[in-house]
Amino acid sequence: HRDLHSFPTRRSSDLVVYYKDGSLSGKGVWSLKGHSVSNITMDKEGGIWASTLDKNIFYAGSKSVMDYSNNEGLSNKVEALSVLNNKILASTSGRSINIITDTDVRELPIPELKSTEATFAHLTYRDKVYVATSWWLLKIDTTFKKWELLNHNPLTNMNSSVLYTMTLTPKNEIYGVNNYQLCTIENDSLKVFALAPVRARVVYVNSKGEVYLAGSNGLYKYSNKKFTYLGEHDSLLAHKIMGIKADKDS
């Protein structure tokens, strides 16, 4: 069967490779690096099952799944993830950033004087990548060669996380949240423009420019220089919120 033949097992390198065009001379998608794969099969729904000699059975709902967990630097909890052109930036700590492409994973160390225990967020904006760690707000150019420390408003607490979340608004403004502080990044400086009524970990700005904060007790809306607690109007919005995304209808 052509699909099954597209998933040859290579015992010499202990992984699985998928050739979507059915030709071994094409470009493959690699998975399960470092595992001793003994057999593979596809079910009637298109799911892929792989048995291994070291870690039982793996399942993927799609043929185009790549497993990076055995790459050095990606075997621990990923704390921050972002996209830069055709690259994925992933951090498992505040000491380096892993740059993932279709063909390899490269580890970019954060300068030693600026390294720390945790990275909370990345944000790509124009030709810069902003990196928020547990002590610093850093900027690096998209060639990954020059690191800079951003300026901070005196209200921001340098002894705690600088920003938990960063988001880009439809007007290309950068918003971030640091516990009880709603912040912006302007001219490469971090500024506090509002103090939140709750410790927040999520900030979101919709297509109308409306700002939402979320934390352990639910969702808040910021407009006309004041916060409104939306959990009072809908009990579904009164629970801990971990993330906010928009659908096609905004």
Side-chain angles (χ1 to χ4, degrees), residues 1-110 115-124 129-133 140-145 165-166 242-248:
H1 191 286
R2 179 174 175 177
D3 281 335
L4 291 181
H5 290 163
S6 297
F7 288 81
T9 301
R10 294 189 173 183
R11 293 184 179 276
S12 61
S13 53
D14 292 337
L15 47 76
V16 172
V17 58
Y18 164 56
Y19 296 94
K20 64 181 180 179
D21 58 0
S23 170
L24 297 182
S25 62
K27 185 177 181 180
V29 177
W30 304 87
S31 300
L32 300 181
K33 179 181 178 182
H35 293 293
S36 298
V37 180
S38 57
N39 205 349
I40 49 178
T41 189
M42 178 188 295
D43 62 28
K44 64 181 180 180
E45 296 176 346
I48 308 302
W49 299 80
S51 60
T52 68
L53 300 178
D54 56 336
K55 292 227 176 152
N56 299 321
I57 296 174
F58 288 84
Y59 171 78
S62 166
K63 290 180 288 188
S64 298
V65 171
M66 301 175 73
D67 175 22
Y68 293 99
S69 61
N70 280 306
N71 283 271
E72 186 176 352
L74 290 175
S75 58
N76 298 317
K77 177 183 177 182
V78 175
E79 298 175 332
L81 197 67
S82 64
V83 177
L84 172 64
N85 300 325
N86 62 339
K87 302 179 180 68
I88 296 174
L89 308 183
S91 293
T92 59
S93 73
R95 305 194 185 281
S96 65
I97 297 176
N98 295 283
I99 304 170
I100 304 169
T101 66
D102 286 342
T103 56
D104 69 352
V105 178
R106 178 165 66 96
E107 189 173 36
L108 176 70
I110 294 176
S115 66
T116 182
E117 292 303 316
T119 293
F120 291 120
H122 309 140
L123 179 73
T124 302
V129 179
Y130 294 98
V131 181
T133 75
I140 183 172
D141 67 295
T142 52
T143 63
F144 306 111
K145 293 180 179 179
T165 308
M166 292 181 285
M242 302 296 291
I244 304 172
K245 297 292 183 182
D247 67 8
K248 64 181 181 180

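Nothing fancy with the numbering, it's 1 onward along the sequence. In this text the structure is predicted, and so the values were computed from the model without any measurement.
When every heavy atom of Thr92 is checked against every heavy atom of Asn76, the shortest pair comes out as CG2-O, 3.7 Å. Annotation for Ser91 and His122: closest pair OG-NE2, 2.8 Å, computed over non-hydrogen atoms. In this structure, Pro109 and Ser96 approach most closely via the heavy-atom pair CA-CB, 3.9 Å. Nearest heavy atom pair, residue Gly94 against residue Ile110, reads O-CD1, 3.2 Å.
You'll find the side chain of Leu84 reaches within 4.5 Å of the side chain of Val129, heavy atoms only. The side-chain heavy atoms of Val131 and Thr119, taken from C-beta on, include a pair separated by under 4.5 Å. Side-chain atoms of Tyr59 and Ile48, non-hydrogen and from C-beta on, never get closer than 4.5 Å to each other. Using a 4.5 Å cut-off on side-chain heavy atoms (C-beta onward), Ile40 and Phe58 make no contact. Residues Leu89 and Phe144 have side chains in contact (heavy-atom distance under 4.5 Å, counting atoms from C-beta outward). No side-chain heavy atom of Phe120 sits less than 4.5 Å from a side-chain heavy atom of Glu79. Side-chain contact between Ile57 and Thr52: absent, with no pair of heavy atoms (C-beta onward) separated by less than 4.5 Å.
Counting only distance, with no hydrogens or angles, the side chain of Asn85 and the backbone of Lys87 share no donor-acceptor pair below 3.5 Å.
Checked by atom type, the side-chain pair Ser51/Ser38 shows a donor-acceptor distance below 3.5 Å.
Within the model, atoms OG1 of Thr101 and CD1 of Ile99 stand 9.5 Å from one another, a figure rounded to the nearest 0.5 Å. Between atom NZ of residue Lys145 and atom CG of residue Leu108 there is a gap of 12.0 Å, rounded to the nearest 0.5 Å.
Legend: residues meeting side-chain contact (heavy atoms from CB on, under 4.5 Å) with Val105, ordered by chain and number and at least two apart, are Tyr68, Asn71, Leu74, Asn98, Ile100. For Glu117, the salt bridge (Lys or Arg N to Asp or Glu O under 4.0 Å) partners at least two apart in sequence or on another chain are Arg95.
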Using the rule given for side-chain contact (heavy atoms from CB on, under 4.5 Å), can you reason through Trp49 versus Met42, listing the C-alpha separation, both sets of side-chain angles and the distance that settles it, and then say yes or no?
CA-CA 6 Å; Trp49 299 80; Met42 178 188 295; over 6 Å; no
